[in-house]
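Working notes, beginning with the structure itself.
Just so it is clear, the model here is predicted, and its values are computed rather than measured. To find a chain, count down the sequence lines: A is the first, B the second, and so on, and within it residues start at 1.
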Number of protein chains: 2
Amino acid sequence: MNDKQLTSILNARSVKPTAMRLLVLDMLAQQEAASSLSDLEEQFDKVDKVTLYRTLKTFEQHKIIHSIDDGTGSAKYALCSEGCECNPGDLHVHFHCQVCKRTFCLTDYTIPAVNLPHKFVLKEMNMVMKGLCEDCAG
Amino acid sequence: MNDKQLTSILNARSVKPTAMRLLVLDMLAQQEAASSLSDLEEQFDKVDKVTLYRTLKTFEQHKIIHSIDDGTGSAKYALCSEGCECNPGDLHVHFHCQVCKRTFCLTDYTIPAVNLPHKFVLKEMNMVMKGLCEDCAG
DNA sequence: AAAAGACATGCAACCGATTTGCAAAGTTTA
DNA sequence: TAAACTTTGCAAATCGGTTGCATGTCTTTT
Ligand SMILES: [Mn+2]
Ligand SMILES: [Mn+2]
Ligand SMILES: [Zn+2]
Ligand SMILES: [Zn+2]
């Protein structure tokens, strides 16, 4: 993705397009699986972990990325689709491969509805499937 | 639950019923919501966190309890139902209340099936709903 | 019963992921 | 330009979870 496109994503979410943010956004856009803070840190020649951390926080707050709790103990991050508001209706299932350890957004798989007990109010959901991904299932 | 019942639960899962284990199991049986290590620690007058930790690990390995990753950063534990083998089929949905911070087992709500993309193999699942529990929804 | 073995417990210290504090650098505003 | 605000970098703290190791307890063997 070119600089113009990256900048416009940030602008659309009212996040100032600093050099650092453009770099991080670009890197996120290149990933095929969701990335942890450490994953991203490794892919930079030199970057401050805390700045990266805060950049991700900012992105998350402005719905540029969403964080995924796949149960591994380290949060993963992936780009939100354009116009995503991270509402329960927008949410998709995530898949964590136990072999290659990658976590994928199954963006076409919406989380099935569960009707809760009486009076419970639903605000958020998290659904993670674990097993073998297509590459590892052989 | 009386000592005899607690002992038989442990025996049924081949876990030696030590004084400590009986105490912990009794405490778990009294909870209406899933408990974290710290939750349990607070409820004892005096207990070593590591011993408590290892007791929970042992219980989990022997399927006396299951652990719940509700996304709060601290694992919660709750008793398994009798004869539970923690298979994908046995699994139920969990609900975390964002107000009172309690996490509940919705034992009657099985996780709905999602048919994964071609070649993906499912081994485990985790589904957590978040929002307001019946007490907090008012 | 004494010795040996096996398992359980307690305390200290470590670990990885995340978060905070604070000062320096960079930007925007007046 | 000077003040005000935001972003960045480095150090250090926090937090939940985990490991190492010595001690205690209970069981089995001699
Ligand atoms: Mn996703
Ligand atoms: Mn449960
Ligand atoms: Zn894989
Ligand atoms: Zn509640």
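- The 5' end of DNA chain D is approached more closely, in terms of each residue's nearest nucleotide, by V47(A) than by the other of S74(B) and V47(A).
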Do nucleotides 21-27 of chain D as a string where each nucleotide becomes B, S or -: B if the base has a protein heavy atom under 4.0 Å, S if just the sugar-phosphate does, - if no protein is that close.
B------

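- The interatomic distance linking M20(A) (CE) with dA25(C) (P) rounds to 18 Å, in whole Å.
- The interatomic distance linking D39(B) (CG) with dG16(D) (P) rounds to 10 Å, in whole Å.
- Rounding to the nearest 0.5 Å gives a distance of 5.5 Å between CZ of F120(B) and SG of C133(A).
- Proximity note for D48(B) (side chain, C-beta onward) versus dT18(C), dG10(C), dT8(D): the nearest is dG10(C).
- For Y53(A), a side-chain nitrogen or oxygen approaches OP1 or OP2 of dT19(C) to under 4.0 Å.
- Atom pair L23(B):CG and dG10(C):P shows a separation of 11 Å (rounding to whole Å applied).
- Atom CG of L22(A) is separated from atom CG of L6(A) by 6.0 Å, given to the nearest 0.5 angstrom.
- Spacing between atom CG of D70(B) and atom C1' of dG16(D) amounts to 13 Å, rounded to whole angstrom units.
- For Q43(A) and D39(A), the side-chain atoms include no donor-acceptor pair closer than 3.5 Å.
- Here the nucleotide nearest the side chain of R21(A), chosen from dT18(D), dT7(D), dG16(D), is dT7(D).
- When each of R21(B), M1(B), E82(B) is tested with I9(B) by the rule side chain to side chain contact (heavy atoms under 4.5 Å, CB included), just one qualifies, namely M1(B).
- One can place NZ of K49(B) at 18 Å from P of dT9(C), the figure rounded to the nearest angstrom.
- Put simply, CZ on F59(A) is 14 Å from C1' on dT8(D), counting in whole angstrom units.
- Of the candidate nucleotides dG16(D), dT18(D), dT18(C), dT18(D) has the atom lying nearest to any side-chain atom of K57(B).
- Atom CG in L10(B) sits about 17 Å away from atom P in dC7(C), given to the nearest Å.
- Contact of the D135(B) side chain with the R102(B) side chain is registered, since non-hydrogen atoms from C-beta on lie closer than 4.5 Å.
- Put simply, OG1 on T18(A) and NZ on K16(A) are 9.5 Å apart, with the number rounded to the nearest 0.5 Å.
- Across the protein-nucleic acid pair, E60(A) atom CD and dT19(C) atom C1' stand 14 Å apart, rounded to whole Å.
- Contact between the side-chain N/O atoms of T18(A) and the OP1/OP2 oxygens of dT8(D) is found at a separation under 4.0 Å.
- There is a side-chain donor-acceptor pair under 3.5 Å between S74(A) and K76(A).
- Taking only side-chain nitrogens and oxygens, T51(A) comes nearer than 4.0 Å to OP1 or OP2 of dG9(D).
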